[in-house]
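In this text the structure is predicted, and so the values were computed from the model without any measurement.
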Amino acid sequence: MFNGRVGSLLGEGALKANVGETVRLYVGNGGPNLASAFHVIGEIFDAVYREGGLGREPNRNIQTTLIPPGGAAIVEFRVEVPGRYLLVDHSLFRALEKGALGSLEVTGPDAPEIFRVMTPR
């Protein structure tokens, strides 16, 4: 779950950002026993501060970061395309069974040079 409640980052509770902004997420794993493979579907993290350590150089260009039980990570990425980005634990059964699913709603102008929807002819 996010923010201590199932569904807290869905619908009206979704996180919001505008195209061109940098998003920073502080992600903790309350555990108590399982690691989390945190990922934002549709994004690559520009910076990952493992174990929440801002005092050292971050890892760069990471797709999924492993967060141990009782641990944390800080992730940053710049949103360049509008849309809905899902926040998940890549142990995807947790999205449905445990509520480990959130949403980031990004608004702003389309960027077809980066992403465009392909339609069948």
Nearest 0.5 Å, what's the OG1-CD1 distance between T64 and I41? 9.5 Å
Mind checking the CD1-NE2 spacing from I44 to H39? Nearest 0.5 Å is all I need. 7.0 Å
In Å, rounded to the nearest 0.5 Å, how long is the span from CG of L87 to CG of L25? 5.5 Å
Testing the basics here: between G108 and P82, what is the closest heavy-atom pair and its distance to 0.1 Å? O-CG, 3.5 Å
With hydrophobic residues grouped by side-chain heavy-atom distances under 4.5 Å, do Y85 and V27 end up in a single group? yes
Out of curiosity, D89 CG to L66 CG, how far, rounded to the nearest 0.5 Å? 9.0 Å
Please check if V23 and F38 belong to a single hydrophobic cluster, counting links between Ile, Leu, Val, Met, Phe, Trp and Tyr side chain heavy atoms closer than 4.5 Å. yes
Indicate yes or no for a side-chain donor-acceptor contact from D46 to the backbone of R78 under 3.5 Å, with no hydrogens or angles considered. yes
Count the heavy atoms of every other residue, nucleotide or ligand shown that sit under 6.0 Å from CZ of R116, and state whether that count exceeds 12. no
Please find the pair of heavy atoms, one from R50 and one from R56, that lie closest to each other, and give the distance. O-NH2, 3.0 Å
Using a strict cut-off of less than 4.0 Å between a Lys/Arg side-chain nitrogen and an Asp/Glu carboxylate oxygen, indicate whether E21 and K16 qualify as a salt bridge. no
Evaluate the side-chain proximity of L9 to S103: yes if any heavy-atom separation is below 4.5 Å, no if none is. no
For the hydrophobic clusters of this structure (ILVMFWY residues joined by side-chain heavy atoms under 4.5 Å, transitively), does one cluster hold both V88 and I74? no
P69 to P32 - nearest heavy-atom pair and separation: CB-O, 3.5 Å
Working to the nearest 0.5 angstrom, can you tell me the gap between L86 CG and L101 CG? 5.5 Å
Which pairs pass side chain to side chain donor-acceptor pair (under 3.5 Å) with one or both residues in residues 25-35, sequence neighbours excluded? R24-Y26
Could you state the interatomic distance from OG1 (T22) to CZ (F77), rounded to the nearest 0.5 Å? 9.5 Å
Kindly work out whether a path of hydrophobic side-chain contacts (I/L/V/M/F/W/Y, heavy atoms less than 4.5 Å apart) joins V81 to V79. yes
Should I67 and L54 be counted in the same cluster of Ile, Leu, Val, Met, Phe, Trp and Tyr side chains packed under 4.5 Å apart? no
